[in-house]
A.B. asks: 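After the structure tokens below, expect a handful of questions from me.
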2 protein chains.
Amino acid sequence: MQFDAPLALQSGASIRGYSLAYETYGTLDADRSNAVLICHALNASHHVAGVYAGQDKSEGWWDTMIGPGKPVDTDRFFVIGVNNLGSCFGSTGPMHVNPDTGRVYGADFPVVTVEDWVHAQARLLDGLGIRKLAAVMGGSLGGMQALSWTLQYPERVRHAVVVASAPNLTAENIAFNEVARRAIVTDPDFHGGHFYEHGVVPKRGLRIARMVGHITYLSDDVMNEKFGRQLREGMDLRYTTQDIEFQIESYLRYQGDKFSEYFDANTYLLITRALDYFDPAARHGGSLTRALAVARAKFLLVSFTTDWRFSPKRSREIVKALLDNGRDVSYAEIDAPHGHDAFLLEDPRYLSLVRSYFDRIAAESVAAAADTLADLPAGAVL
Amino acid sequence: MQFDAPLALQSGASIRGYSLAYETYGTLDADRSNAVLICHALNASHHVAGVYAGQDKSEGWWDTMIGPGKPVDTDRFFVIGVNNLGSCFGSTGPMHVNPDTGRVYGADFPVVTVEDWVHAQARLLDGLGIRKLAAVMGGSLGGMQALSWTLQYPERVRHAVVVASAPNLTAENIAFNEVARRAIVTDPDFHGGHFYEHGVVPKRGLRIARMVGHITYLSDDVMNEKFGRQLREGMDLRYTTQDIEFQIESYLRYQGDKFSEYFDANTYLLITRALDYFDPAARHGGSLTRALAVARAKFLLVSFTTDWRFSPKRSREIVKALLDNGRDVSYAEIDAPHGHDAFLLEDPRYLSLVRSYFDRIAAESVAAAADTLADLPAGAVL
């Protein structure tokens, strides 16, 4: 969807002439009450579910969760996946031309925040004629967007599903992001963020960034179980500092190489910064309870016991602040071994929990339909 | 101390014509029974205590622990600090000339292991005329060396003090080392490890390596307490992806910059590999109990509750394996907030615990003196 009117950003800058890539699944009800918006994390896109015709391996990134008959059932819900502004999977981002200068944005792409993304997503919904969401849902950074929706547009969200997320980053979280950013920015092929015009890509930096990221996505336990201290297949110790000895090294290098082939370096900087900046409590003297007072949605929060990036403790902070405000909150702490990555994986307890929650949303939607239509202001963009 | 005879290394290679930098503190008793060897971790040297004349800021790296009247009391003990082979603080390492080729070693410096270091340290003790140590002591990688001493030279160690250590690295530990190594090796200024002859230093890689390392040395709690989400002094959000916003970023960049000014890149690779390789149980079908069966020393093990790099669980594995073998083991888990770094910091409980243990060693030393002399074989190098 193309947007010509400028979008004012939190930084004070604005962006115009941008487009957002999105996909929809299922059918929007006549009363427009069954829309579910899915927000993505760092390395994902609008392609949340299903495969493209003739491309067997093109499963959406949340295909275990979303689709016909799945927990977020596209036979019942109208699901919208959107690629965020500044990302590199189709929406306007650093590799596109700035209409104000005629040059590729590169590092001059404006800094975007979770709040900016939510504003942009709201315009997309306006364009689709959706006034109120049955639910907004996301994991990790996507969960921050879902939470922010309930604060920025409280009247437009019936339910928020916030998975493996946090009310802000800790110093350690920021530290890992900063290591990744420094690896990218100090790669000689970065050229201050204008590498496109040099025909190169700062792959060294992207590889390191991805390797660091991957470590934080997995639990220590699952790493030990999957890799432990195994050497590369069929090999004795080689006594080398530069070549691979252990399976975990091979795995990380592979992940880094793969990532550096397709992910945009400026996007990496932008998205990690959006993570760093998110902190709704900061505008309320550090009180998350006060920050969430404006929310009107009902909530499902899910965390995973072995997630040390966004630990259950961080989800509980959100739960507490919502309960302080008398909100309707369901919370589940899933005892899963996979660390932060668990939110993308097939865990029967996790999936059946989300399924039950969406059953409830579906049941409520019918009752709420009349409301929804009444909510629509005259002259709303449809 | 210069060594002309070749030292056979675990890899099958050998090294000749090397020297080890060492310092001693206190006086060796007439019966040579009060020697304490201190083993260092990644970024440290033979300079374990005290200051150099006229250099106020030259405190040894374990100056809180070692010195006159300190827990390891140099008025009673003869303390030896030694810089390991391959390090960059005075002992022969990658920046020195290979006598076999006449060229600087660079990346051709042989891969050294914890076991190799212990062999080299034993030769140093031979040269100093010390047959048996009152104690060998170290933290982190230094603790691995102390443990290895009790397996390689069981008859030469009366006590081993193993602080904040582990019986081997986990997959996650190796993963962090590998990120650091890749950052160094893929820095264009690394030149395959022969950067000396190009007159450059892979500072970008060293900075990233140190930043990653620092994160793993600190606990999440202490990072939040020291830095939290504080912005740089007196500044509002600047909305920048490349400049510093948060104090934690400033701190990490400073640590990285400082480190890259003095630490050798090839040494970093060698020392992290020595960490990766250490695994005494591997030679005993994975049984740490069987691996430690040969040990004869008495042990003090110390761990710190918030250390997530070498967690208390890892120390307890060593304690259990020693107890399985009927060894005399003291173990303390110190409830300190500082993470892995706690082993270098001033914590009254920790320091008084070590003090008590060394009081016991001193009391035993007198009784053991006669034994020690009897142990010396005729013709021992004195």
Side-chain angles (χ1 to χ4, degrees), chain A residues 9-13 107 110-111 113 168-172 174-176 178-179 181-183 185-188 192-193 204 207-208 211-212 214-215 218-220 223-224 226-230 237 239-242 244-249 251-253 256 266 269-270 272-273 276-277 279 282 308, chain B residues 9-13 107 110-111 113 168-172 174-176 178-179 181-183 185-188 192-193 204 207-208 211-212 214-215 218-220 223-224 226-230 237 239-242 244-249 251-253 256 266 269-270 272-273 276-277 279 282 308:
Chain A
L9 303 172
Q10 198 179 323
S11 64
V111 169
T113 63
N168 62 24
L169 295 198
T170 62
E172 187 183 88
I174 297 173
F176 280 122
E178 176 68 357
V179 169
R181 281 191 296 262
R182 293 316 290 165
V185 167
T186 64
D187 184 330
R204 302 179 201 89
R207 284 191 203 108
I208 297 294
M211 289 170 79
V212 172
H214 245 282
I215 299 174
L218 300 180
S219 70
D220 194 18
M223 264 202 196
N224 277 332
K226 276 175 93 165
F227 306 104
R229 298 181 49 82
Q230 279 168 59
L237 280 185
Y239 296 100
T240 168
T241 58
Q242 297 185 38
I244 289 171
E245 283 279 26
F246 296 93
Q247 283 290 9
I248 180 67
E249 298 173 327
Y251 172 77
L252 284 179
R253 289 198 196 182
N266 284 306
L269 304 185
L270 288 168
T272 54
R273 259 309 188 218
D276 292 354
Y277 285 140
D279 189 11
W308 60 280
Chain B
L9 303 172
Q10 197 178 325
S11 64
V111 169
T113 64
N168 63 21
L169 295 197
T170 62
E172 188 183 88
I174 297 173
F176 280 122
E178 175 68 358
V179 169
R181 282 191 296 263
R182 293 316 290 165
V185 168
T186 65
D187 183 329
R204 301 177 201 90
R207 283 191 203 109
I208 296 294
M211 289 170 79
V212 172
H214 245 281
I215 299 174
L218 300 180
S219 70
D220 194 18
M223 264 202 196
N224 278 332
K226 273 175 93 166
F227 306 105
R229 298 182 49 82
Q230 280 170 58
L237 280 186
Y239 296 100
T240 168
T241 58
Q242 297 186 39
I244 289 171
E245 283 279 25
F246 296 93
Q247 283 289 10
I248 181 66
E249 297 173 326
Y251 172 78
L252 285 180
R253 288 198 197 185
N266 284 307
L269 304 185
L270 288 169
T272 54
R273 258 312 186 214
D276 292 355
Y277 285 140
D279 189 12
W308 61 279

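No hydrogens, no waters, no symmetry mates; every other heavy atom, side chains included, goes into these values. Below, chains carry the letters A, B, ... as their sequence lines are ordered, and counting in each starts from 1.
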A.B. asks: What part of A:Val185 gets closer than 4.5 Å to chain B, counting heavy atoms only: side chain, backbone, both or neither?
C.D. replies: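 Contact with chain B is through the side chain of A:Val185 alone.
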A.B. asks: Measure B:Leu270 against the heavy atoms of chain A and call it side chain, backbone, both or neither at under 4.5 Å.
C.D. replies: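 Both parts, backbone and side chain.
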A.B. asks: Using non-hydrogen atoms and a 4.5 Å limit, figure out which bit of B:Phe176 sits close to chain A: side chain, backbone, both or neither.
C.D. replies: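 Both the backbone and the side chain of B:Phe176 come within 4.5 Å of chain A.
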A.B. asks: Please classify the contact between B:Thr113 and chain A as side chain, backbone, both or neither, with a heavy-atom cut-off of under 4.5 Å.
C.D. replies: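 The side chain, not the backbone.
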A.B. asks: Taking all non-hydrogen atoms of both residues, which atom of A:Tyr277 and which atom of B:Tyr239 are closest, and how far apart?
C.D. replies: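 Closest pair (atom of A:Tyr277, atom of B:Tyr239, distance): OH-CA, 3.1 Å.
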A.B. asks: B:Leu169 versus chain A, heavy atoms under 4.5 Å apart: side chain, backbone, both or neither?
C.D. replies: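 Contact with chain A is through both the backbone and side chain of B:Leu169.
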A.B. asks: For A:Arg204 and B:Asp187, indicate whether the former's side chain and the latter's backbone hold a donor-acceptor pair under 3.5 Å.
C.D. replies: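 Looks like no, no N/O pair under 3.5 Å.
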A.B. asks: For residues A:Arg182 and B:Gln242, report the shortest heavy-atom separation together with the two atoms involved.
C.D. replies: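 That closest heavy-atom pairing would be NH1-O, 3.4 Å.
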A.B. asks: Could you check B:Arg181 against A:Glu249 for salt bridge (charged side-chain N to carboxylate O under 4.0 Å, His left out), going step by step and ending with a plain yes or no?
C.D. replies: CA-CA 10 Å; B:Arg181 282 191 296 263; A:Glu249 298 173 327; 2.7 Å; yes
A.B. asks: Which atoms form the tightest heavy-atom contact between B:Ala175 and A:Ile248, and what is the distance?
C.D. replies: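 Closest pair (atom of B:Ala175, atom of A:Ile248, distance): CB-CG1, 3.9 Å.
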A.B. asks: Considering only heavy atoms, which portion of B:Leu269 lies under 4.5 Å from any heavy atom of chain A: side chain, backbone, both, or neither?
C.D. replies: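 For B:Leu269, backbone and side chain are both near chain A.
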A.B. asks: Pick one of side chain, backbone, both or neither for B:Gln230, based on which atoms fall under 4.5 Å of a heavy atom in chain A.
C.D. replies: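 Contact with chain A: none, neither part.
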A.B. asks: Heavy-atom distances under 4.5 Å only: say whether B:Val179 touches chain A with side chain, backbone, both or neither.
C.D. replies: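 Its backbone and side chain both get close to chain A.
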